[in-house]
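Since the structure comes first, as structure tokens, the remarks are kept for the end.
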Amino acid sequence: MSRGELFVLSAPSGTGKTTLIRSLLQGELAEFANVHFSVSHTTRGPRQTEVAGRDYHYVDVASFQEMIVEDRFLEWAEVHNNYYGTSVDEVLPYLERGNDVLMDIDVQGAERILSKHAVADTDPLKTAVHSIFIMPPTYRDLELRLSQRNLDDAEQISRRLAVSRWEIKQVELYDYVIVNREADAASHILASIILDKRHRRTRMASEVESVLEDFKASR
């Protein structure tokens with residue numbers, strides 16, 4: 001069985017990344033039955049529509065810091081005064097079983113993953129890593145989305161917009177870019193990136209060999 005591949009998604013807060021991921025994973029395409037969504041740990045509390053274990057693993061600061069000391073994170077960062085991190089257990093076991101893994105992480109976390117992967121001799125992932133950045137079409141669109149979702153007060157929205165100005169500048173770190181003008185179209189673009197990687201000849205080697213053997217046997 002070939003090892004799974006890692007898809008790293010980042011976007012400024014409010015860009016619609018979570019909606020795209022849910023659309024992908026809950027869609028009817030059987031191609032995505034073997035994709036695991038990596039659920040991050042965070043010290044912030046759950047929002048009204050969020051579910052523990054589906055959206056995040058919610059932990060207190062002491063527990064999070066203990067996991068840091070025990071080296072149980074592939075990456076972690078402090079964002080908007082809260083800790084966020086991706087545990088080893090949410091990624092490596094799935095890759096080893098041949099599952100593709102989808103990570104929803106901020107730019108700081110993506111930088112850590114990509115820098116680790118760039119050093120081949122110490123790469124803990126030992127798999128292909130594909131980075132995807134989701135962008136809003138304009139600053140005004142992002143401002144409206146943050147206001148209309150009714151999750152933050154004016155001060156929090158202002159802080160998120162300030163952070164987004166820095167995050168947008170990091171787009172050159174990523175392999176792919178999706179401008180999220182319309183959710184369905186953006187979701188299909190995300191699906192096409194994953195499908196492209198899954199159907200490379202090298203990834204399809206075992207199935208190709210099976211077909212070739214079948215043709216040999218038919219002589």
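Note that this is a predicted model, so its numbers are computed, not measured.
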TODO: Quick one: closest heavy-atom pair of Tyr94 and Asp89, and the distance?
DONE: CE1-O, 3.7 Å
Open item on the list: Within a 6.0 Å radius of atom CD on Glu213, are there more than 12 heavy atoms belonging to other residues, nucleotides or ligands?
Closed with: yes
- [ ] State whether Tyr139 and Arg165 meet the cation-pi test: NZ (Lys) or CZ (Arg) under 6.0 Å from the six-membered ring centroid, and within 45° of the perpendicular axis.
- [x] yes
TODO: Without swapping roles, check the side chain of Asp100 against the backbone of Asn34 for a donor-acceptor pair under 3.5 Å.
DONE: no
Open item on the list: For the backbone of His130 and the side chain of Asp175, can you confirm whether one donor and one acceptor N or O come within less than 3.5 Å of each other?
Closed with: no
TODO: Measure the shortest side-chain to side-chain distance between Leu9 and Lys17 over non-hydrogen atoms and say whether it is less than 4.5 angstrom.
DONE: yes
TODO: Using atom types as modelled and distance alone, determine if a side-chain donor or acceptor of Thr42 lies under 3.5 Å from a backbone N or O of Tyr83.
DONE: yes
Task: Nearest heavy atoms of Trp166 and Gln170, plus distance in Å - done: O-NE2, 3.0 Å
Open item on the list: Please identify which of these residues, Arg149, Arg159, Gln156, meets the side chain to side chain donor-acceptor pair (under 3.5 Å) condition with Ser13.
Closed with: Arg149
TODO: Check whether any side-chain heavy atom of Glu90 sits under 4.5 Å from a side-chain heavy atom of Phe37, and report yes or no.
DONE: no
Open item on the list: Treating Gln108 as the side-chain partner and Ala77 as the backbone partner, does any N or O pair qualify as donor plus acceptor under 3.5 Å?
Closed with: no
Open item on the list: Can you confirm whether Ile194 sits close enough to Leu24 that some side-chain heavy atom of one is under 4.5 Å from a side-chain heavy atom of the other?
Closed with: yes
- [ ] Determine yes or no for a side-chain-to-main-chain donor-acceptor pair under 3.5 angstrom, with Arg160 supplying the side chain and Ile157 the backbone.
- [x] no
Task: Tyr84 ring center near Phe64 ring center (under 6.0 Å) - done: no
- [ ] Indicate yes or no: at least one non-hydrogen side-chain atom of Met103 is less than 4.5 angstrom from one of Phe7.
- [x] no
TODO: Report yes if the side chains of Ser10 and Ile105 come closer than 4.5 Å at any heavy-atom pair, otherwise no.
DONE: yes
Open item on the list: Testing the basics here: between Val39 and Arg54, what is the closest heavy-atom pair and its distance to 0.1 Å?
Closed with: CG2-O, 3.7 Å
TODO: Is it possible for you to say whether Ile132 and Leu20 belong to one hydrophobic cluster, with membership spreading through side-chain heavy-atom contacts below 4.5 Å?
DONE: yes
Open item on the list: Does Glu70 have more than 12 heavy atoms from other residues, nucleotides or ligands lying within 6.0 Å of its CD?
Closed with: yes
Open item on the list: Taking Thr15's backbone N and O only, do any of them form a donor-acceptor pair with Arg145's side chain (distance below 3.5 Å, no angle check)?
Closed with: yes
Open item on the list: Treating Ser164 as the side-chain partner and Pro12 as the backbone partner, does any N or O pair qualify as donor plus acceptor under 3.5 Å?
Closed with: no
TODO: Please answer whether the main-chain N or O of Val51 pairs with a side-chain N or O of Asp55 as donor and acceptor at a distance below 3.5 Å.
DONE: yes
